[in-house]
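Report on the structure given below.
Proteins get letters first, then strands, A, B, ... in listed order; numbering begins at 1 in each.
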There are 2 protein chains.
Amino acid sequence: MGITIKQIAELCGVSIGTVDRALNDRPGISEKTKRRILEVAREHQYRPDLTARSLARGRTMTIGVVLFDLYNRSFAQLANAIERRSRERGYIVHLTLTGKDPEMEKNCLRQLVQRKADGIILCSVNEGARFEEELRGLLTPIVTVCNRISDRWPYVGIDDRGAMKEAVGQLLRKGYRRFVYVCPPLADRGRVNIHTQEQRWIGFREALEDGADAVSGGQGKFETAVIAQRDYLDALRRLDLAAGTGKTAIVCSCDAYALEVMHDCRSRGLRVPEDVGIMGFDNIDMLKYVSPRLSTVHYDMEEFGTRAADSLIAWIERGEAPSVPSLAYRWIEGESV
Amino acid sequence: MGITIKQIAELCGVSIGTVDRALNDRPGISEKTKRRILEVAREHQYRPDLTARSLARGRTMTIGVVLFDLYNRSFAQLANAIERRSRERGYIVHLTLTGKDPEMEKNCLRQLVQRKADGIILCSVNEGARFEEELRGLLTPIVTVCNRISDRWPYVGIDDRGAMKEAVGQLLRKGYRRFVYVCPPLADRGRVNIHTQEQRWIGFREALEDGADAVSGGQGKFETAVIAQRDYLDALRRLDLAAGTGKTAIVCSCDAYALEVMHDCRSRGLRVPEDVGIMGFDNIDMLKYVSPRLSTVHYDMEEFGTRAADSLIAWIERGEAPSVPSLAYRWIEGESV
DNA sequence: GTGAAAGCGCTAACAG
DNA sequence: CTGTTAGCGCTTTCAC
């Protein structure tokens, strides 16, 4: 199935070395024989066997991608962009999904290394010194995305902390003084990589600290509650949002939560933003179908993808880990706060 | 980087043949030497080089996937399911995206074949005898999904014609007698694969034909308009939905269009379903954030993925193209008709 | 039981 | 300019 250089060599009455020179237009071959060889190759629809080439060259022109899943719209866009850019640059993508299972993630990585992927783009759930040791042992360029691991591996993403800080600053400016922060469980720290969520959480606190100084000269803090658990809606319902003075802003660390929260609040008869303010983070594109429009933080997932691919390829081809600057983000003024 | 069987052989003072027997527990080796070899292999963290194995075995344990993109939620789910199932069964996925570009699609296919993917799951935009000839020339098992090509290649999907027919039957039963059918351009037929859209369109017409017989004994047809163009919203606006008697049902061949249409109608002050009925197709999961709930046809994209993977693997491993029965679908009663 | 050797298809270094 | 040869790391067949 498919003709090989050896067969071409026989057909042309030359050696495989010569065929190789012709096919990969390497120097040291006469125009005449080259033309003849190319002609024969074309006639027989010669297509080099890339697995053989990989073995010989020691490079597979393959990029391994490790993500949680593609349910999340953002991950889908990310994968899309990575594939696009990679193939533009001559690489093909091995997609592997972990389902956020630490062991599965290790399997994926191992698998990719065994298949000799030239580099890997990783959104990790694993974390910790031991995991880093394992990563180092893979001896493969790795670029992290969405979840930073450590300075040793380039990270593509925004400054989540700064972004959240700015966003909450907007709420303060609008006059909000009571806050509920809703996010996924942060307790797994150390076992599971929640770098991004953690940064946002820090950004939230910093914004309030700075705000407290500015607003009341360091006097009275703001009223805040934190909900960081799976059944966040239940927890939220137990809170009396109307108690006290002033309107509450529910700061959600991601749009997915914000949408659920908004839905739930409204089903309880709370008007948004009249009775309660809600903000999200991520600007997932589902938002365009939702009213009132959610106020949120936007960043470009596609850019994450192309940047991650570019950085990884730079590393692969230049041999040294590149440093990647934080990408841009911006506050989206909706109608929900 | 990484130890090889040759090195293990030297370390153990045996031949590589023996090492191979130990590592792949093949018969013809004493328990004792086997144990010793495995011990050494474990110590040195031996991981077989899968590119080398591929070359030697003539199988890569790789499945190529060719889709349009991952923007569409359904494709993302599809890709997700394919990856999951494939890796469960020992295969890894090569993801390639065509962006609906026929030439790009051919590139992807060629690339996958050169990389010796054991089989390919394809959602094709190309179509026609010549393309089929090319596909045949690839000499690789191919399972089609979402867009059928011909009987030569197994197709995973639902009976779109039947499903649309049933759905429109629901509308007739609800009393609708005026219809606007909205779908992507159908004019590209022959050049571009629009099998699915075509089937739905046929289903729509059949439903009305059957309905005409049933309702008025073959007398008077229903009032219908068809919009099959990129700027379908503009076209729709030009229609006077209120004219004539009875309420109009806008039958959209996909939810994406239905959502846009619904949004547009409401921005024009039309109430759904009081003034106009709208139905979609696909039951994309964005719908859960939309009210009124869209009436639509549901099918399980994940099932497409696992079935496609299973069928392809069956073909790869058993050597003969499997036949795949149509998958299940069901009408979702929403509030939009 | 074990070893030797011939591939898989391509690359790359070295002779001529 | 062209041919030869030795790999890449693993599999597989055939001797011993």
- Item | Length of the NZ-C1' vector between B:K116 and C:dG9, whole Å | 9 Å

- Query: Roughly how many Å is it from CD1 in B:I8 to P in C:dG3, rounded to a whole number?
  - Reply: 14 Å

- Query: Got a donor-acceptor contact below 3.5 angstrom from the A:N193 side chain to the A:R148 backbone?
  - Reply: yes

- Task: Please answer whether the main-chain N or O of B:K100 pairs with a side-chain N or O of B:E105 as donor and acceptor at a distance below 3.5 Å.
- Result: no

- Which part of the nucleic acid, if any, lies within reach of A:T33 when heavy atoms closer than 4.0 Å are counted: base, sugar-phosphate only, or nothing? sugar-phosphate

- Checking all strands, does B:G28 fall into the base, sugar-phosphate, or nothing category for heavy-atom contacts under 4.0 angstrom? base

Quick test of your reading of the model: are [X] and [Y] salt-bridged, counting only N-O distances below 4.0 Å?
X: A:E39; Y: A:R36; result: no
X: A:E133; Y: A:R136; result: yes
X: B:R152; Y: B:E132; result: no
X: A:K106; Y: A:E103; result: yes
X: A:R115; Y: B:D49; result: no

- Decide salt bridge (Lys or Arg N to Asp or Glu O under 4.0 Å) for B:R87 and B:E83; before the verdict, give the C-alpha distance in whole Å, the side-chain angles of both, and the deciding distance to 0.1 Å. CA-CA 6 Å; B:R87 213 141 45 71; B:E83 194 283 336; 2.6 Å; yes

- Please state whether the phosphate of C:dG3, meaning OP1 or OP2, lies under 4.0 angstrom from any side-chain nitrogen or oxygen of B:T18. yes

- Message: Between B:L55 and B:V14, which residue's closest nucleotide on DNA chain C lies nearer the 5′ terminus?
- Response: B:V14

- Task: Would you give a per-nucleotide map of nucleotides 10-16 of chain C, 5' to 3', where B means the base has a protein non-hydrogen atom under 4.0 Å away, S means only the sugar-phosphate does, and - means neither?
- Result: BBS----

- Note on the structure: Counted 5' to 3', the first and last nucleotides of DNA chain D within 4.0 Å (strictly under) of a heavy-atom of chain A are D:dC1 to D:dG9

